[in-house]
Peer 1: 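Sharing a structure below in structure tokens format, with a few things to ask.
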Amino acid sequence: MKSFKVKIVMDGKGLKTLFLHKIFTIPKEIHKNWDYKKFANKGLVIKFKLGIDQSVIKNFSQDQDIFSVLNELQDQESFFTIQNNRGLRYDETNQYIKCVIPEEVLKYFKQLFVSTIVYQAEKMKIPNFEKIEFEFNAQSHTVNISNLSLYRPNGNPYYKYAKNAALSLSVEAIGLQQFSIGESNKIKNFYDFSKMSQWKEREKLYKDDAIADKAGIYMLYDCKKNNFYVGKAVKLRERMLQHEKNVNGNDPIPEFTHYRYTVISYEYYEFLYLIENAAIHDIGWILNMPTAKRITPSLSKKLKGINSNTMIDDCTMVNSLEYQTKQQKK
């Protein structure tokens, strides 16, 4: 027998097979005509080089996300490891074979099967099960992805958000830490801490070339009016200078005297508005925010009621950690 096929359906069991166990088994009935004795005599481990049928790549040529993932995966030199099982329960006539998947391949599979991951996270039944089929060639020691079925509801805004969360953050971030790959189960920070500025005087903004083409969150302060502003920008310097120009005459802080910013890593650009909302929300809880209805009164307003001489700057934050990097325990 030259070849045989193995199909994995990406339901809950399929996810565990790939991401939790990182192996799948090839039952006897699938490779029954394979000369197992000859295989066993070659040793316990044989590597099969991974490839992708051109028909599979062509099938996703109109889906740029999947098309690029498949091409990147194809460019990698990756191998599945085939192992026989010589346990006491098995003999040469009743034998299954284990196939070990390398982590660098699983990272690509995570991007391919993000729909199943998202639906599993929401404890919902996916409308169309995702599937992958491998064809093993026992003579050439190659394994090809011969068929691939993916569920892609691209018109669904929730799916787009969840897809980016699963790809850009981590599977732990959407509640599936058991399917994480290597170190990817750690919650990642949006902010690039190496590019987080101190407060700077307004005059320095004109020559702040480091943020000319950087995206991120910025804060503006007007020391004369004691006003504070939080915003987001794809081009930080350009956006902050727009406040100064006050083109329509209704800018909330055109006479800002100080600014600061934090650059966002490229893979999180689509989350800029979410990060901005979180920053406005968090700061609004502390500072006075006249337009807010639900999050006032703020701490600074409360301080005035307790002691008119107390300033918000006098308040000390006593958390033991600067920021959290793990999910809270339930």
Side-chain angles (χ1 to χ4, degrees), residues 6-10 14-15 17-19 22 24 48-80 101-121 126-135 142-174 176 179-186 188-190 192 213-215 234-235 263-275:
V6 178
K7 181 169 69 175
I8 298 176
V9 179
M10 299 305 300
L15 281 181
T17 296
L18 292 185
F19 296 108
K22 300 178 175 60
F24 60 87
F48 279 62
K49 187 173 182 179
L50 179 65
I52 306 173
D53 285 356
Q54 285 303 306
S55 60
V56 173
I57 295 178
K58 184 178 180 181
N59 189 42
F60 291 96
S61 59
Q62 301 303 312
D63 188 322
Q64 192 55 47
D65 288 343
I66 298 301
F67 186 71
S68 61
V69 171
L70 292 174
N71 277 288
E72 283 185 34
L73 178 56
Q74 185 174 236
D75 290 340
Q76 300 289 321
E77 190 174 38
S78 303
F79 295 86
F80 281 10
I101 310 169
E103 286 194 354
E104 64 266 19
V105 173
L106 289 176
K107 290 176 182 178
Y108 290 102
F109 284 178
K110 175 186 168 187
Q111 297 178 59
L112 294 176
F113 301 120
V114 65
S115 289
T116 300
I117 291 176
V118 167
Y119 273 81
Q120 287 285 310
I126 189 168
N128 298 313
F129 283 134
E130 298 184 308
K131 306 169 187 174
I132 188 168
E133 185 178 75
F134 302 107
E135 183 171 4
T142 57
V143 52
N144 278 351
I145 297 174
S146 56
N147 202 355
L148 185 64
S149 298
L150 301 176
Y151 180 60
R152 304 280 291 168
N154 289 315
N156 185 327
Y158 168 75
Y159 167 76
K160 181 179 180 181
Y161 166 75
K163 177 194 72 173
N164 286 318
L167 299 183
S168 300
L169 298 174
S170 68
V171 288
E172 186 182 58
I174 61 168
L176 286 176
F179 303 133
S180 61
I181 303 166
E183 294 298 313
S184 70
N185 64 332
K186 294 181 179 178
K188 300 177 183 178
N189 289 304
F190 290 111
D192 184 343
D213 295 312
K214 300 294 183 182
V234 176
K235 295 184 178 181
V263 173
I264 302 299
S265 299
Y266 175 77
E267 63 265 33
Y268 303 130
Y269 276 18
E270 287 199 56
F271 295 101
L272 263 177
Y273 77 101
L274 293 174
I275 305 169

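Since we're looking at a predicted model, the values are computed, not measured.
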Peer 1: Using modelled atom types and a 3.5 Å cut-off, is there a donor and acceptor pairing between side-chain atoms of Asn71 and backbone atoms of Phe67?
Peer 2: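 A pair under 3.5 Å: yes.
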Peer 1: Nearest 0.5 angstrom please: Leu112 CG to Arg152 CZ, how far?
Peer 2: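 Answer for the CG-CZ pair, Leu112 versus Arg152, is 9.0 Å.
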Peer 1: Run the side chain to side chain donor-acceptor pair (under 3.5 Å) test against Gln62 and tell me which residues pass, sequence neighbours left out.
Peer 2: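 Not a single residue meets the side chain to side chain donor-acceptor pair (under 3.5 Å) criterion with Gln62.
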Peer 1: Could you tell me the separation between the CD1 atom of Ile101 and the NZ atom of Lys22, rounded to the nearest 0.5 Å?
Peer 2: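 One finds 9.5 Å between CD1 of Ile101 and NZ of Lys22.
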Peer 1: Using a 4.5 Å cut-off on heavy atoms from C-beta on, say whether the side chain of Leu18 contacts that of Met10.
Peer 2: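 Yes, their side chains come closer than 4.5 Å.
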Peer 1: For Phe113 versus Lys131, what's the shortest heavy-atom pair and its separation?
Peer 2: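 Closest approach of Phe113 to Lys131: CE2-O, 4.2 Å.
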Peer 1: For Ser149, check side chain to side chain donor-acceptor pair (under 3.5 Å) against everything at least two apart and list the hits.
Peer 2: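 None.
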Peer 1: Do Ile264 and Leu272 have side-chain heavy atoms sitting under 4.5 Å apart?
Peer 2: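 They are in side-chain contact.
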Peer 1: Would you say that Phe134 contacts Asn144 through its side chain, given a criterion of any heavy-atom pair below 4.5 Å between the two side chains?
Peer 2: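 Result no, sub-4.5 Å side-chain heavy-atom pair not found.
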Peer 1: Counting N and O atoms only, with roles assigned by atom type, does the side chain of Glu135 sit under 3.5 Å from a partner on the main chain of Ser146, one being a donor and the other an acceptor?
Peer 2: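 No, because the side chain of Glu135 does not come within donor-acceptor range (under 3.5 Å) of the backbone of Ser146.
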Peer 1: Any side-chain to backbone donor/acceptor pair from Ser115 onto Tyr151? Under 3.5 Å, distance only.
Peer 2: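 Yes, the answer is positive, given that a donor and an acceptor are paired below the 3.5 Å cut-off.
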Peer 1: To check you understand the geometry: which heavy-atom pair defines the closest contact between Ile145 and Val56, and what is its length?
Peer 2: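 For Ile145 versus Val56, the nearest heavy atoms are O-CG2, 3.5 Å.
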Peer 1: Can you sort out the partners of Asn128 under side chain to side chain donor-acceptor pair (under 3.5 Å), two or more places apart, ordered by chain and number?
Peer 2: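 Applying side chain to side chain donor-acceptor pair (under 3.5 Å) to Asn128 gives none.
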Peer 1: What closest approach, in Å, do Glu104 and Tyr108 show between heavy atoms, and which atom pair accounts for it?
Peer 2: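 Glu104 and Tyr108 have their closest heavy atoms at O-CD1, 3.1 Å.
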Peer 1: In a check of side-chain contact (heavy atoms from CB on, under 4.5 Å) between Gln111 and each of Ile66, Leu70, Asp65, Val69, which one passes?
Peer 2: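 Going through the options one by one, the only one that passes is Val69.
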Peer 1: For Thr142 and Phe48, work out which heavy atoms get closest and say how close.
Peer 2: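 Taking Thr142 first and Phe48 second, the nearest heavy atoms are O-CD2, 3.4 Å.
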Peer 1: Do Gln74 and Gln54 come within less than 4.5 Å of each other through their side chains, counting heavy atoms only?
Peer 2: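 Contact flag for Gln74/Gln54 side chains = yes.
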Peer 1: Leu148 and Asn59: which non-hydrogen atoms are nearest, and at how many Å?
Peer 2: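 Answer, listing the atom of Leu148 first, then Asn59: O-ND2, 4.4 Å.
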Peer 1: In Å and rounded to the nearest 0.5 Å, what is the CD1 to CG distance from Ile52 to Leu73?
Peer 2: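 Interatomic distance, Ile52 CD1 to Leu73 CG, rounded to 0.5 Å: 4.0 Å.
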Peer 1: Do Ile117 and Lys110 touch side chain to side chain, with heavy atoms closer than 4.5 Å?
Peer 2: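 Yes. Closest side-chain heavy atoms under 4.5 Å.
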